[in-house]
Participant: 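This is the structure, below, for whatever I ask next.
Convention: sequence-line order gives letters A, B, ...; per-chain numbering from 1. All values below come from the heavy atoms of this structure, side chains included, with hydrogens, waters and symmetry mates left out.
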Number of protein chains: 2
Amino acid sequence: MVTNADQDYVKAIYRLQGQNRSVSTSSLAATLGVTSASVSGMLRKLDQARMVNLRRYRGVRLTERGRRTALEVIRRHRLIELFLVEILRMPWENVHGEAERLEHAVSDEVLARIDKLLGSPQRDPHGSPIPSPSGEIALLDRVRLDQTAPGVRGTICEVSDDDPEMLRHLSKLGLIPGARIDVREIQQIDETRLIGCGKKRCTVSPKVAAAVWISKDQ
Amino acid sequence: MVTNADQDYVKAIYRLQGQNRSVSTSSLAATLGVTSASVSGMLRKLDQARMVNLRRYRGVRLTERGRRTALEVIRRHRLIELFLVEILRMPWENVHGEAERLEHAVSDEVLARIDKLLGSPQRDPHGSPIPSPSGEIALLDRVRLDQTAPGVRGTICEVSDDDPEMLRHLSKLGLIPGARIDVREIQQIDETRLIGCGKKRCTVSPKVAAAVWISKDQ
DNA sequence: CAATAGAATTAGGAGTGCCTAACTTTTGCT
DNA sequence: AGCAAAAGTTAGGCACTCCTAATTCTATTG
């Protein structure tokens, strides 16, 4: 039986492992807000359930089964986020936490109806791609804004969805998915960036820039 | 902390206690699909949490606190049922089970938005009154169809929401909230009723009649 | 009013998922 | 290489909610 906690763990592992790098106990503990000891226990359980491959003291990787489960949960999460924004008109900065609970309670039938009502969308409100029902996900060719060099131009394709404060800040600056931006200048001292965004310009710290992904021009 | 199980228990007690009659362990066990031993344990816990008054071997009654909690959950449940029918176009016979899970996952903010979207409705899809946010509920002056005498006329105000099979059957017969009906005849042998319903007529067993409440004319 | 059927409770145990504290393994530095 | 810090694991517990089996209480009835 796949519990809510199982789903939360595979989802977190999926996010952390990126292009299939192995994920440490402590990074999971930090992400999930529990102790390393708890993570250790859960990973043993997930290993037995063949959701992950666990190598003691060396971290875990998702199995195919684990990956599929993670993508199902992510599909739920992102469709629910979009539903909350589009149908219930919730402010985008609050929908992440809400979806975090609802993703475990919504049946396949309800999810299918939400998907239909929204017209089988491809992106959630923060620009993240929504996996297909069969677990395919569009991989974006993107760069994190804090990794860009001066002169780079592009379009914001995605922002981190989990910190409401950050999201409020980003929308105040106009740094939202779809916005055209260019990197004007980077301060030596603290890596702060001067950004042109549409007709305005703004200054972003590395912390803020790390929450924004862009797809570079050409 | 009020857990999901706590909410399920107070909701079941509320339904079973009617006009404040005391509720037995075994009736709760049957309703909730668990053993009497489990109910006994939970009732002790709810008593300590001051949600119920427990008299050992004599059943429980909700406290004011328990009643308020029950009505909050029922409000959630019924608003969600209506939302599923009205917004997601789910067939009415399936929404009960769905709402049973969602009622524990939806935040106050989302519930408020659902309520607004639906125009602060007074009734759920099965005709049951929706409690106000502060826990007031309209008490209907109603009679169960299996308790009616021949000649009685009235309007269906409510039907049981929990059995999909029954609901499919009722809608096939046209026995839905708002329908005008009259009791033509009752068979001596098995209490089967001949019912006029709009321009049609139908035959209902006591079992089916027990799922239908009517408000009598004048 | 005593026997007994039925209802309720207690005792003991399981699975989940979290914790702290203690211990082991790995890693990084000199 | 050797040692200390950091990372990971195990041991032992707790809260929750369920279960079965055994026991106790209530209510009925002859």
Participant: Could you state the CG-P distance from B:L46 to D:dC16, rounded to the nearest angstrom?
Facilitator: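 To the nearest whole Å, that distance equals 11 Å.
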Participant: Look at A:R78 together with A:D161 and state whether they make a salt bridge at an N to O cut-off of under 4.0 Å.
Facilitator: no
Participant: Angle between ring planes, A:W92 versus A:H126, binned at 30° and 60°: parallel, tilted or perpendicular?
Facilitator: parallel
Participant: Keeping the roles fixed (side chain from A:R65, backbone from A:A49), state whether a donor-acceptor pair exists under 3.5 Å.
Facilitator: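 Yes, A:R65 side chain to A:A49 backbone: donor-acceptor pair under 3.5 Å.
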Participant: Please check if the side chain of A:R61 supplies one atom and the backbone of A:N20 the other of a donor-acceptor pair under 3.5 Å.
Facilitator: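 A pair under 3.5 Å: yes.
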Participant: Applying side-chain hydrogen bond (donor to acceptor under 3.5 Å, both in side chains), can you list everything that pairs with A:D8, at least two apart in sequence or on another chain?
Facilitator: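 side-chain hydrogen bond (donor to acceptor under 3.5 Å, both in side chains) list for A:D8, sorted by chain: A:H104.
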Participant: What residues form a side-chain hydrogen bond (donor to acceptor under 3.5 Å, both in side chains) with A:S132, not counting sequence neighbours?
Facilitator: A:S134
Participant: In residues 1-30 of chain B, what residues come within less than 4.0 Å of DNA chain C, judged by heavy atoms?
Facilitator: B:S24, B:T25, B:S26
Participant: Does the protein touch nucleotides 20-28 of chain D at the base, only the backbone, or not at all? Give it as B, S and - per nucleotide, heavy atoms under 4.0 Å.
Facilitator: BB--BSSS-
Participant: Anything under 4.0 Å to a heavy atom of chain B counts; send over the first and last such nucleotide of DNA chain C, read 5' to 3'.
Facilitator: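 The contact span of chain B on DNA chain C goes from C:dA8 to C:dT10.
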Participant: For D:dG8, does either OP1 or OP2 sit under 4.0 Å from a side-chain N or O belonging to A:R44?
Facilitator: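 It does not, given that no N or O in the side chain of A:R44 lies less than 4.0 Å from OP1 or OP2 of D:dG8.
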Participant: Can you see if the side chain of B:K45 gets near the phosphate of D:dT17 - specifically, an N or O under 4.0 Å from OP1 or OP2?
Facilitator: yes
Participant: What I'd like to find out is whether the side chain of B:L140 reaches to under 4.5 Å of the side chain of B:S215, using heavy atoms alone.
Facilitator: no
Participant: Can you list everything that forms a ring-ring contact (aromatic ring centres under 6.0 Å, His included) with A:W213? Sequence neighbours excluded, please.
Facilitator: none
Participant: Less than 4.0 Å between a side-chain N and a carboxylate O, is that true for A:D6 and A:K45?
Facilitator: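 A:D6 and A:K45: salt-bridged.
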Participant: With the threshold set at 4.0 Å, does a side-chain nitrogen-carboxylate oxygen contact exist between B:E64 and B:R67?
Facilitator: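 Here B:E64 pairs with B:R67 in a salt bridge, since their nearest N and O are under 4.0 Å apart.
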Participant: Provide, to the nearest angstrom, the distance between the CD atom belonging to B:Q48 and the P atom belonging to D:dA15.
Facilitator: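 Interatomic distance, CD of B:Q48 to P of D:dA15: 12 Å.
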Participant: Calculate the interatomic distance between B:M42 atom CE and D:dC19 atom P; express it in whole Å.
Facilitator: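 Whole-Å distance recorded here is 12 Å.
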Participant: Does B:Q187 reach the main-chain N or O of B:R193 with its side chain, forming a donor-acceptor pair under 3.5 Å?
Facilitator: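 No, B:Q187 side chain to B:R193 backbone: no donor-acceptor pair under 3.5 Å.
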Participant: Using heavy atoms to find the nearest nucleotide of DNA chain C for A:V34 and B:L43 separately, return the residue whose nucleotide is more 5′.
Facilitator: B:L43
